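Below you'll find the structure, written out as structure tokens, and then a few comments.
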Amino acid sequence: MPDRVYRAAPPGALRVEPLGELTAIFDRRSMQTHLVVPPMPEILAAIGAEECDAATLAARLAARFDFDGGDDVQMILAERLSELAAMGMVARA
Amino acid sequence: MRHSIRIAVGPVHFRIGSDWTQPIAALKQLYVSYPQDEARPADATVRLFAARPWRRWVRPSVHIGGDFVVPDALPLPLSMGLLAAEMGMNLQVALGWRRHMLLHASAVARDGRALIMSGESGSGKSTLAALLGEGDWRLMGDEFTLIEPEGGDALAFPRAVSLKNEAIAEVAARVDAARLGPLMTGTPKGDIRHLIPRADAIAAMHEPARPALLLFPRFGGEAAIESMGEGEAFVRLTEASTNYVALGEAGFAALTRLVRETPAFGVSYPDSATGIALVEQLWAEAAK
């Protein structure tokens with residue numbers, strides 16, 4: 001599967017509120033509430049202003065959290081990015 | 001319409017019209033001590049009407065109308081006109097109210113702080129609130145609790161309590177018969193009898209209370225208390241709110257604040273006495 005490139009929601013589009021084990025995210029554009037669990041909030045925080053693919057994201061998360069950003073991690077992140085895109089919280093660049 | 005009444009329940013001002021005198025007469029009895037303000041425009045309109053003119057007399061069946069309607073809702077016989085009025089009032093508030101976040105929950109207050117109980121029909125939230133309201137709690141409402149989106153306070157909606165089935169005898173044994181409405185048997189919800197809240201609860205219905213404890217009662221089974229995380233409480237309350245989606249970000253903000261600031265528990269109880277004991281135990285810890 002090619003490593004797709006994504007971009008974050010525009011600044012201010014998402015209101016993110018951690019609620020214990022869950023994180024509630026209000027999307028001001030769709031008025032929808034999303035409830036997510038790790039690593040979704042971490043991905044959204046790490047995706048940043050620049051366009052980003054799973055490999056870049058894995059490297060960023062690996063630097064921040066204690067794991068290596070190997071191929072299996074990249075595959076999982078690619079799946080999660082695709083799910084976030086389906087929910088409208090990131091967009092395919 | 002031929003017969004009508006205005007009723008203020010908490011912040012909601014209803015205008016209820018009927019083709020028949022009986023439901024209005026019954027409402028007058030239940031709401032006689034509620035504040036009246038004829039000059040204030042109504043927030044919600046309920047209409048109890050006959051589908052055809054002759055059906056006012058021939059097998060009279062009460063259709064429920066108003067600002068919002070449920071298509072295909074079955075009419076009720078005139079003997080259940082009071083239930084039709086109650087369903088109409090609930091419907092208008094559930095679908096039309098936007099000023100506050102509406103929770104399908106009962107609530108009682110003590111010392112300006114609110115205990116909010118959310119659960120499905122049959123969870124016992126209404127009976128527990130009614131029984132607590134006969135003790136040293138102020139009944140805020142047995143069906144709906146309103147949350148002020150800006151400040152987070154809970155507001156009362158102390159309509160006449162809708163006692164159902166076994167709860168009727170349990171509560172009737174403790175209150176003056178003058179506070180009970182007519183017994184309606186065999187309704188789609190079983191037997192129903194209304195209880196007029198205590199005068200002090202009606203007089204205080206505009207006083208907000210700060211949410212201090214959220215409970216999710218479950219009637220039946222062993223007595224048990226289960227602490228509930230913010231996330232689960234949030235999910236359950238979005239399901240219990242009839243206008244969460246309509247309120248948009250204001251609803252999101254109000255609900256995240258409510259679950260963060262208010263401890264929440266699931267409570268199972270085999271009978272009302274145990275339920276009340278568990279409530280008092282949790283309240284004693286929450287109110288510290």
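Only a predicted model underlies this, so the values are computations on that prediction, with no experimental measurement involved. Labels below follow one simple rule: chain letters A, B, ... track the order of the sequence lines, proteins then strands, and each chain is numbered from 1.
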List the steps and the verdict of side-chain contact (heavy atoms from CB on, under 4.5 Å) for B/Leu102 and B/Phe157. CA-CA 10 Å; B/Leu102 200 76; B/Phe157 184 78; over 6 Å; no
Going from OG1 on A/Thr56 to CG on A/Leu77, what distance comes out if it is rounded to the nearest 0.5 angstrom? 10.5 Å
Most heavy-atom pairs under 4.5 angstrom with chain A, which of B/Arg260, B/Glu230, B/Glu249? B/Glu249
Do the ring planes of B/Phe234 and B/Phe252 sit parallel (below 30°), tilted (30 to 60°) or perpendicular (above 60°)? perpendicular
Under a 4.5 Å heavy-atom criterion, the part of residues 29-41 of chain A in contact with chain B comprises A/Met31, A/Thr33, A/Leu35
Side chain of B/Thr242, backbone of B/Ala94: donor and acceptor closer than 3.5 Å? yes
Residues B/Ser123 and B/Arg218: side-chain donor-acceptor under 3.5 angstrom: no
Can you tell which part of A/Arg15 gets under 4.5 Å to a heavy atom of chain B, answering side chain, backbone, both or neither? both
Could you list all the ring pair (Phe, Tyr, Trp, His ring centres under 6.0 Å) pairs where at least one residue sits in residues 260-288 of chain B, not counting sequence neighbours? B/Trp137-B/Trp283, B/Phe219-B/Tyr269
Contact part of A/Glu17 toward chain B, heavy-atom cut-off under 4.5 Å: side chain, backbone, both or neither? both
Exercise: do B/Glu143 and B/Ser106 side chains pair donor with acceptor under 3.5 Å: no
Need one label for B/Ala233: side chain, backbone, both or neither, based on atoms under 4.5 Å from any heavy atom in chain A. neither
Ring-face cation contact, B/Phe216 with B/Arg236, 6.0 Å cut, 45° max: yes
